[in-house]
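Whatever order the structure lists them in is the order used to number ligands and atoms, beginning at 1. Model, not experiment: these values are computed from the prediction.
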Amino acid sequence: MRAFESTQIFFDAAAEHLNIEPSLREALLMPSREVQVQVTIERDDGSLANYVGFRVQHDNSRGPMKGGLRYHPQVDLDEVRALASLMTWKTAVVNLPYGGAKGGIGVNPSKMSKREIERLTRAFVDQIHDIVGPDTDIPAPDMGTDHQVMAWFRNQWEKYHGFNPAVITGKPVEEYGARGREEATGRGVGSLTVKLAKRLGVKPAAAKTAIQGFGNVGTHAAKFLYESEFPIIAVSDLTGTYYDPNGLNISEVLRHKLNHPKGLLEGYQHCECLPVDALMSLQDVNILIPAALGGVITAENVDDIHASIIIEAANGPIDPEADAVLQEKGVTILPDILANAGGVTVSYFEWVQNRQHYRWTLDRVRQELDHTMNEAFENVWQTAQQNNVSLRIAAYMIGITRVRRAAELAGLTS
Ligand code: NAD
C-alpha cells in the first residue's frame with residue numbers, strides 16, 4: 001500500500017468518529033502546496049548528477065509549517081505527501097503552534113562524499129529558498145540528514161534572505177542549535193514507553209524490548225529504556241539483529257557503534273547475531289519498537305509478531321491492514337504522531353530560542369519536553385477511553401479537531 005493511502009485510511013477512520021462531512025475531510029487532507037524541483041550537482045569526478053527534490057506543505061492553519069528533510073533512495077512525492085500530512089496531525093496532537101510539511105531528495109547519501117552532499121543541499125536550497133522561512137515553513141533533520149546538513153541549509157538560505165537561524169532546526173548546538181535536540185525523539189519514545197508500560201501494568205523487568213533501527217532515534221530510545229531498567233533483548237541495523245535473551249548491555253553496544261568506522265553494529269560479539277528481519281518475529285519480545293523505516297509491518301508479516309505492545313518510533317511503520325489484525329489480537333500500539341513527537345517538540349524549543357536570542361539549559365529542555373509529551377499522552381489516553389477507540393484513532397481525533405477548529409476560525413474559504 002502506498003504511504004499516503006495508509007495515512008488517509010487512518011485519517012478517515014478518525015474523521016468518521018468526528019462526523020466530518022466529505023468536503024471538509026477533503027479540504028483537511030489535501031496538501032496546500034507540492035513543489036518538485038530538479039537538483040543538479042557536479043560530482044567529485046567532474047560529471048553531472050541529477051536528482052529530484054520535493055517539498056510538500058500540507059497545512060498551515062495552526063502556524064508555520066514544520067517538517068523534516070529526508071535524503072533516501074525511496075523518497076518520492078507520495079511518501080513526502082504522506083509524511084507532510086503526518087506532521088500536521090503530529091504538531092496538533094502535542095499542541096505546538098505549527099502546521100505540517102515535509103521534504104526530501106531521492107538520493108543515496110551513503111554513496112556520496114561529504115562535499116557532494118553539501119553541493120546537493122545548497123542546490124536544493126537554491127530551488128526552494130523562496131517557499132521556506134521562519135514564519136512559513138521550517139525544515140529539520142530526518143533520515144539521511146543531520147545537523148551538518150542543517151548548517152549548510154541555513155548558510156545557503158541566509159545568502160538570499162540574511163541572518164535568521166530560525167529558518168531551520170536541528171542545527172549544531174554551537175551554531176544556534178538547541179541542547180537536547182539530538183536525543184529528543186528517542187527520549188520522548190523512551191519516556192512514553194515507560195509510561196505506557198506502567199499504565200498497562202507491565203513491570204520493567206517483564207518488559208523485554210526489541211528495537212529495529214539503531215540510528216538517532218533507536219540509540220537514544222535504547223539508552224533511556226536501559227537506564228529505566230527495561231531489558232533490551234534485541235537491536236538491529238542494516239547489518240543484522242543483535243540478540244541476547246537476558247538483555248544486552250546497551251552501554252557496551254553504544255560504545256561499539258561509536259568506535260565502528262561507519263557507526264554500525266557489525267562485528268558486535270557479546271550476543272547472538274541473527275539476520276536483519278529476525279528481530280520482528282522474536283518470540284520472547286513484549287515491547288517492539290520499530291525505529292527505522294516506514295511500512296515494515298504489513299499483512300505479510302503481521303502474524304509473526306509476538307509483542308503485546310508496539311511503539312511507533314518510525315513514521316508509518318504499520319500499514320492499515322496489519323493495524324487491523326494487531327487491534328483484533330489486542331496489541332496496544334502507541335502511534336507515530338504521538339510516540340515520535342519529541343523531535344518536533346524540541347525543534348519548536350530551538351525555534352523559540354532562536355527568535356528570542358536566548359539559550360535554554362539542557363535541564364529546562366528536558367523538563368519542558370517531558371511535560372509536553374506527558375500532557376499529550378494523557379490527552380490521547382483519555383480520548384481513547386472515552387470514545388472506546390484505539391490510541392491511534394484517539395490521537396488523530398485530537399489532531400484533526402484542533403486543525404479543523406483553527407481552519408474554521410480563520411475562515412475556510414478565504
Ligand atoms: P537514522 O538514519 O539515524 O537511523 C536509521 C537506522 O535504521 C540506522 O541504524 C539504519 O541502519 C537502520 N535501518 C535501516 N533499514 C533497516 C532495516 N531494514 N532493518 C533494520 N534497521 C534498518 O534515522 P533516524 O533519524 O533515527 O529516524 C528513524 C525513523 O524515525 C524514521 O522513520 C524517521 O522518519 C523517524 N523520526 C525521526 C525523527 C528524528 O528526530 N530523527 C523524528 C521523528 C521521526
Worksheet item: Considering only heavy atoms of Phe214, which atoms of ligand 1 have at least one such atom less than 4.0 Å away?
Response: 6 (C), 9 (O)

Response to the item:
In ligand 1, the atoms that come under 4.0 Å of a heavy atom of Val217 are 24 (P), 26 (O), 27 (O), 30 (O), 37 (C), 38 (C), 39 (C), 41 (N)

Worksheet item: Backbone or side chain, does any N or O of Lys257 fall under 3.5 Å from an N or O of ligand 1?
Response: no

Worksheet item: Which is closest to atom 21 (N) of ligand 1 by heavy-atom distance: Leu279, Asp237, Leu293?
Response: Asp237

Discussion item. Under 3.5 Å between any N/O of Leu264 and any N/O of ligand 1: does that happen in this structure?
Written reply: no

Worksheet item: Hey, mind stepping through Tyr71 and Thr121 against side chain to side chain donor-acceptor pair (under 3.5 Å) and telling me if it holds?
Response: CA-CA 10 Å; Tyr71 290 174; Thr121 304; 2.9 Å; yes

Discussion item. With a 4.5 Å cut-off on side-chain heavy atoms, are Arg359 and Arg179 touching?
Written reply: yes

Fill in: Heavy atom of the protein closest to atom 16 (C) of ligand 1 (residue, atom name, distance)
Leu238 CD2, 3.9 Å

Worksheet item: Looking only at heavy atoms, which two atoms of Ile305 and Lys329 are closest? And how far apart?
Response: O-NZ, 3.3 Å

Worksheet item: What do you reckon, does Asn315 have a nitrogen or oxygen under 3.5 Å from a nitrogen or oxygen of ligand 1?
Response: yes

Discussion item. I need the contact type for Ala291 against ligand 1. Using non-hydrogen atoms and a strict under-4.0 Å cut-off, is it side chain, backbone, both or neither?
Written reply: backbone

Worksheet item: Tell me, which protein residue and heavy-atom name are nearest atom 34 (O) of ligand 1, and how many Å apart are they?
Response: Arg70 NH2, 2.8 Å

Worksheet item: Any nitrogen or oxygen of Pro141, main chain or side chain, under 3.5 Å from a nitrogen or oxygen of ligand 1?
Response: no

Practice prompt. Would you mind telling me if ligand 1 is within reach of the side chain of Val276, the backbone, both or neither, using heavy atoms under 4.0 Å?
Written response: side chain

Practice prompt. Output the list of atoms in ligand 1 that are nearer than 4.0 Å to some heavy atom of Gln212, sorted by atom number.
Written response: 19 (N), 20 (C)

Worksheet item: Ion pair present between Glu16 and Arg25, side-chain N to carboxylate O less than 4.0 angstrom?
Response: yes

Worksheet entry | Pairwise side-chain contact, Trp152 with Gln156, heavy-atom cut-off 4.5 Å (strictly under) | no

Response to the item:
Those residues at least two apart in sequence (or on a different chain) that pass side-chain hydrogen bond (donor to acceptor under 3.5 Å, both in side chains) with Glu34 are Arg81

Item to complete: Please determine if Arg154 forms a cation-pi arrangement with Trp157, meaning its NZ or CZ atom is less than 6.0 Å from the six-membered ring centre and no more than 45° off the ring axis.
Response: no

Practice prompt. Start with the C-alpha gap between His270 and Asn249, add the side-chain angles, then the distance that decides, and say whether side chain to side chain contact (heavy atoms under 4.5 Å, CB included) holds.
Written response: CA-CA 9 Å; His270 309 284; Asn249 180 334; over 6 Å; no

Practice prompt. Consider only side-chain N and O atoms of Thr383 and Gln385, and report whether a donor and an acceptor are under 3.5 Å apart.
Written response: no

Worksheet item: Under 6.0 Å from the six-membered ring centre of Trp381 and within 45° of its axis: does the NZ or CZ of Arg199 meet both?
Response: yes

Worksheet item: Which bit of Ala184 is near ligand 1, meaning a heavy atom under 4.0 Å away: side chain, backbone, both or neither?
Response: neither

Discussion item. Can you confirm if the aromatic rings of Phe11 and Trp89 lie within a centre distance of less than 6.0 Å?
Written reply: yes

Worksheet item: Quick one: nearest non-hydrogen protein atom to atom 12 (C) of ligand 1, plus distance?
Response: Gly213 CA, 3.9 Å

Worksheet item: Should Arg55 and Asp137 count as an ion pair when the cut-off is N to O under 4.0 Å?
Response: yes

Discussion item. For atom 23 (O) of ligand 1, what's the nearest protein heavy-atom neighbour? Residue, atom name and distance, please.
Written reply: Met143 CG, 3.5 Å

Item to complete: Would you check the N or O atoms of Asn216, main chain and side chain alike, for any that come under 3.5 Å of an N or O of ligand 1?
Response: yes

Practice prompt. Starting from atom 39 (C) of ligand 1, find the nearest protein heavy-atom neighbour and note its residue, name and distance.
Written response: Thr185 OG1, 3.4 Å

Response to the item:
Contacts of Ala92 meeting side chain to side chain contact (heavy atoms under 4.5 Å, CB included) (sequence neighbours excluded), chain-then-number -> Arg62, Arg402, Val403

Worksheet item: For Asp142, is at least one N or O under 3.5 Å away from an N or O on ligand 1?
Response: yes

Response to the item:
Checking heavy atoms under 4.0 Å, the part of Arg181 that sits near ligand 1 is side chain

Item to complete: Number the atoms of ligand 1 from 1 as they appear, then name those within less than 4.0 Å of a heavy atom of Ser236, with their elements.
Response: 20 (C)

Worksheet item: Should one rank Gly215, Gly144, Ala292 by closest heavy-atom distance to atom 2 (O) of ligand 1, which comes out on top?
Response: Gly144

Discussion item. Please confirm whether Ala313 approaches ligand 1 to less than 4.0 Å, judged on its heavy atoms.
Written reply: yes

